[in-house]
Amino acid sequence: MIKTTRPREGFLNIFAYQTVTREEYFVRGHRACQGCGAALGLRLIMKEAGPNTIVVNATGCMEIISSPYPYTSWAVPWIHVAFENAAAVASGVESAIKILRKKGKIPEDKEINIIVFGGDGGTADIGIQALSGALIRGHKFLYVCYDNEAYMNTGVQGSSATPYGASTTTTPAGKMSIGQGYWKKNLVEITAAHRIPYVATACPSYPLDLMKKVRKALDADGPSFIHMFSVCPTGWGTPPELTIRIGRLAAETGMFPLYEIDHGKYKLTLDLPNGLRPIEDFLKVQKRFRHLTKEDIEVIRNRVQEEYDRLKKMERFTQEE
Ligand SMILES: Cc1ncc(C[n+]2csc(CCOP(=O)(O)OP(=O)(O)O)c2C)c(N)n1
Ligand SMILES: [Mg+2]
């Protein structure tokens, strides 16, 4: 049973829903595309985080869609920052709160969450230096990279989180090119290498799993990082109504394995008793992968299986310790 938030008003008292508050802190009326996985993820994360939260938002889709002047979707304090400095600004917010506590201006026992939302371009490429610095300094905040696997806001340019073989406007597939020619940068391993207390992957297709991980991340005794798979119908060429399904397919095929690293201990959080599902199930519903040949798919399959086997080994190894 997933134990999420402290009890709050407005709980629906039926089955799994009893753990999810009705209150919204990322509210409707925003301009996200139909079927936007990232917007759904933000909504769920904010439900878990609650009202005592300060959000630092790097430039990108989630900032653009939530703050067209004079409107806002944020029912909590929110600051828009550049790609380069999102984690640095969050560090400053955390330090300021510490000082205000010392001065007695904020009660010691008042919990305040600080959450950064950055896209994959803003995190894996442009903001990684500030992120690394903040993690090494040990500032207590949660950094969520919502990963729609390209620079979507500016027209689907490839990032270092774009998966191998995907066609984007800067890595177009054609006679001479498979599309993205590199393997996706592994943000989880990079952040975990800073030996922070909690790192996880998640996807809004598994809402309770996502919220449970957010709770663990916010309660961690230091910095935490969540890499959230975020289906993008506009950039990927997928039917908006399949967003939840595609998120599940990513996890079931191993294209985006769900796991956490809690104080160094790996744990795969999605049970796949029959092993991985064929990656074709995930690839074939997306225009960005339409050009891939059988041979290309084999190359991807081997890599995905290798990574999944490695995670299983890491789980056995670190849980035994
Ligand atoms: C330093 C800098 N370079 C380029 C831009 C233009 N720009 C604004 S949003 C964006 C795309 C961001 O991609 P990502 O971080 O993946 O977020 P997404 O749009 O996919 O949500 C770009 C390139 C910028 N704002 N700042
Ligand atoms: Mg992106």
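One-based numbering, in listed order, for ligands and for the atoms of each.
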Check your understanding: Between F225 and H194, does the ring centroid distance fall short of 6.0 Å?
Key ->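 No, the ring of F225 stays outside the 6.0 Å limit from the ring of H194, centre to centre.
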Review point. Is it true that W74 and F26 have ring centroids separated by less than 6.0 Å?
Key: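 So the answer is yes for these two rings.
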Exercise for review: Taking the side chain as every heavy atom from C-beta outward, state whether E111 and N52 have any atom pair closer than 4.5 Å.
Suggested key: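 No; the side chains remain at least 4.5 Å from each other.
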Check your understanding: Does I246 reach the side chain of I244, with side-chain heavy atoms less than 4.5 Å apart?
Key ->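 Counting from C-beta outward, I246 and I244 never come under 4.5 Å.
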Do me a favour and list the nearest non-hydrogen protein atom to [atom] with residue, atom name and distance?
| atom | value |
| --- | --- |
| atom 18 (P) of ligand 1 | C61 N, 3.6 Å |
| atom 14 (P) of ligand 1 | G121 N, 3.5 Å |
| atom 6 (C) of ligand 1 | T154 CG2, 4.0 Å |
| atom 15 (O) of ligand 1 | G122 N, 2.8 Å |
| atom 8 (C) of ligand 1 | T59 CG2, 3.3 Å |
| atom 12 (C) of ligand 1 | F83 CZ, 3.3 Å |

Review point. At their closest point, which heavy atom of Y198 faces which heavy atom of K213, and how far apart are they?
Key: OH-CG, 3.2 Å
Review point. Can an N, O or S atom be found in N148 less than 2.8 Å away from the Mg ion (ligand 2)?
Key: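 An N, O or S atom of N148 is closer than 2.8 Å to the Mg ion (ligand 2), so yes.
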Check your understanding: With a cut-off of 2.8 Å, does any N, O or S atom of G119 fall short of it relative to the Mg ion (ligand 2)?
Key ->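 Given the 2.8 Å cut-off, G119 does not count as a ligand of the Mg ion (ligand 2).
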**Study point:** Option from Y146, W236, Y206 for which ring-ring contact (aromatic ring centres under 6.0 Å, His included) with F229 holds
**Key:**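 Filter result, single survivor: W236.
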Practice item. Would you kindly specify which portion of E84 sits under 4.0 Å from ligand 1, judged on non-hydrogen atoms: side chain, backbone, both or neither? Key: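 Looking at E84 and ligand 1, just side chain atoms fall under 4.0 Å.
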Review point. Considering only heavy atoms, does N153 approach ligand 1 within less than 4.0 Å through its side chain, its backbone, both, or neither?
Key: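 Both the backbone and the side chain of N153 come within reach of ligand 1.
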Study note, to complete from the structure: Here the atoms of ligand 1 under 4.0 Å from any heavy atom belonging to Y146 are 17 (O), 18 (P), 21 (O)
Exercise for review: Within a distance under 4.0 Å of any heavy atom of M152, pick out the atoms of ligand 1 and give their elements.
Suggested key: 18 (P), 19 (O), 20 (O)
Check your understanding: Non-hydrogen atoms of A150 versus ligand 1: any pair closer than 4.0 Å?
Key -> yes
Check your understanding: Heavy atom of E63 under 4.0 Å from ligand 1?
Key -> no
Exercise for review: Please find the N/O/S atom of D120 nearest to the Mg ion (ligand 2) and write down its name.
Suggested key: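 Of all N, O or S atoms belonging to D120, OD1 is the one nearest the Mg ion (ligand 2).
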Review point. Under the 3.5 angstrom rule, does the side chain of T318 hit a backbone N or O of M314 as a donor-acceptor pair?
Key: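 Yes, because the side chain of T318 sits within donor-acceptor range (under 3.5 Å) of the backbone of M314.
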Check your understanding: Under 3.5 Å, is there a donor-acceptor pair between the side chain of T253 and the main chain of L249?
Key -> yes
Exercise for review: Hey, can you tell me if W78 and H80 have their rings parallel, tilted or perpendicular (30° and 60° cut-offs)?
Suggested key: parallel
Practice item. Applying side chain to side chain donor-acceptor pair (under 3.5 Å) between E260 and each of K267, K212, K216, K265, report the one that passes. Key: K216
